[in-house]
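Written below as structure tokens is the structure these notes are about.
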Amino acid sequence: MEMNMNMDDMEMDPIINLTQHPATKEQLQAGVVDLPEEKRKYLQMVLNFEDIPSESEINWRADQIVSLLEGEEGYHCQVMIGGALWLMGPLTRKLKAERYIPVYAFSVRESEEEILPDGSVRKVNIFKHKGFIPAL
């Protein structure tokens, strides 16, 4: 028996945003959901480093990030990650151990130029969300 499904008719599973930036309009349309504000502020603190971290600090921070998922809808769903490269490997392993599916956002950069009244040119890079790539 063949089953035809329109993507518009399918309910999307949430992709929980574990990056320090709020989801873009395009990411929200793709099913990304931001953490509640209090958790997002804590996430931002944990993702930012002021000093070179030790291995134990990196692991502690990865554990803290995974703990933010407790009680969130979509348990064992996809989670969008991003941040310091030395944190992403341990975070990916810990998320997978808890049966989450870590993904990275993929975007393309489009440049736009604007001629200003004084004749100078302002160049702006706009990042357009195109999809997700599984974290390996």
Side-chain angles (χ1 to χ4, degrees):
M1 179 164 137
E2 188 174 319
M3 189 166 135
N4 295 321
M5 290 187 109
N6 183 332
M7 288 300 285
D8 294 333
D9 295 334
M10 293 174 48
E11 187 175 315
M12 285 189 291
D13 288 330
I15 301 168
I16 298 176
N17 182 2
L18 290 181
T19 72
Q20 67 178 327
H21 304 289
T24 66
K25 179 179 151 188
E26 289 130 340
Q27 289 170 337
L28 292 170
Q29 291 171 345
V32 175
V33 295
D34 289 324
L35 290 172
E37 188 62 25
E38 185 175 307
K39 285 186 175 185
R40 198 169 74 75
K41 285 182 181 181
Y42 185 72
L43 173 66
Q44 289 172 324
M45 184 198 71
V46 173
L47 283 172
N48 286 289
F49 293 81
E50 297 293 322
D51 297 305
I52 296 174
S54 66
E55 184 177 339
S56 63
E57 180 179 0
I58 292 168
N59 284 313
W60 178 83
R61 288 183 186 228
D63 287 335
Q64 293 300 299
I65 294 167
V66 173
S67 75
L68 290 171
L69 294 168
E70 291 175 14
E72 291 302 316
E73 188 177 331
Y75 186 63
H76 295 146
C77 65
Q78 292 185 48
V79 292
M80 183 172 70
I81 62 172
L85 294 177
W86 61 84
L87 176 60
M88 294 303 101
L91 178 58
T92 294
R93 286 188 293 280
K94 289 174 185 289
L95 287 165
K96 286 181 175 184
E98 296 295 323
R99 297 182 42 216
Y100 289 99
I101 304 164
V103 297
Y104 293 104
F106 178 80
S107 60
V108 294
R109 180 175 29 196
E110 296 179 1
S111 294
E112 293 182 3
E113 294 182 359
E114 175 185 0
I115 299 175
L116 302 175
D118 67 359
S120 62
V121 177
R122 177 173 53 185
K123 184 176 180 178
V124 176
N125 288 321
I126 299 171
F127 293 88
K128 300 279 185 170
H129 176 75
K130 296 295 182 182
F132 301 96
I133 300 171
L136 303 176

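When side chains are defined from C-beta on, Arg40 counts as touching Glu37, because their heavy atoms get closer than 4.5 Å. The closest side-chain heavy-atom distance from Thr92 to Tyr104 is below 4.5 Å. Between Val32 and Glu26, every side-chain heavy-atom pair lies at or beyond the 4.5 Å cut-off.
If you chain together ILVMFWY residues whose side-chain heavy atoms come under 4.5 Å of each other, Ile133 ends up grouped with Phe106, Val108. In the hydrophobic clustering, where aliphatic and aromatic side chains (Ile, Leu, Val, Met, Phe, Trp, Tyr) are joined below 4.5 Å either directly or transitively, Leu85 stands alone. Other residues sharing the hydrophobic cluster of Leu136, ordered by chain and number and joined by side-chain separations under 4.5 Å: none, the residue standing alone. Here Leu116 sits alone; no ILVMFWY side chain lies under 4.5 Å from its own, so it joins no hydrophobic cluster.
The closest side-chain donor-acceptor pair between Asn17 and Gln27, if any, does not fall under 3.5 angstrom.
For Ser120 against Asp118, the heavy-atom pair with the smallest separation is OG-OD1, 2.6 Å. The heavy-atom pair separating Pro102 from Leu95 by the smallest distance is CB-CD1, 3.9 Å. Smallest separation of non-hydrogen atoms from Pro134 and Val103: CA-CG1, 4.1 Å. The minimum heavy-atom distance between Gly82 and Thr19, with the atom names listed, is N-CG2, 3.6 Å.
Partners of Glu57 under the salt bridge (Lys or Arg N to Asp or Glu O under 4.0 Å) rule, at least two apart in sequence or in another chain, are Arg61.
Atom CD1 of Ile101 is separated from atom CD1 of Ile81 by 12.5 Å, given to the nearest 0.5 angstrom. Taking OG from Ser67 and NZ from Lys94, the interatomic distance works out to 11.0 Å, rounded to the nearest 0.5 Å. Once rounded to the nearest 0.5 Å, the distance linking CG of Leu28 with CD1 of Ile15 reads 10.5 Å. With rounding to the nearest 0.5 Å, the separation of CG in Leu35 from CG in Leu18 is 5.5 Å. Here CG of Leu69 is found 4.5 Å from OH of Tyr100. Values are rounded to the nearest 0.5 Å. For the atom pair CE of Met45 and CD of Gln64, the computed distance is 7.5 Å after rounding to the nearest 0.5 Å.
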Dump the intermediate steps for side-chain contact (heavy atoms from CB on, under 4.5 Å) on Leu47 and Ile65, then the final yes or no. CA-CA 8 Å; Leu47 283 172; Ile65 294 167; 3.7 Å; yes
Enumerate donor-acceptor pairs with a distance under 3.5 Å from any side-chain N or O in residues 122-132 to protein atoms, sequence neighbours excluded.
residue	atom	partner	partner atom	Å
Arg122	NE	Glu114	OE1	3.4
Arg122	NH2	Glu114	OE1	2.6
Asn125	OD1	Ser111	OG	2.7

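No more than 12 heavy atoms of other residues, nucleotides or ligands sit less than 6.0 Å from atom NZ of Lys41. For Glu38, the CD atom sits in a loose shell: 12 or fewer heavy atoms of surrounding residues, nucleotides or ligands are nearer than 6.0 Å.
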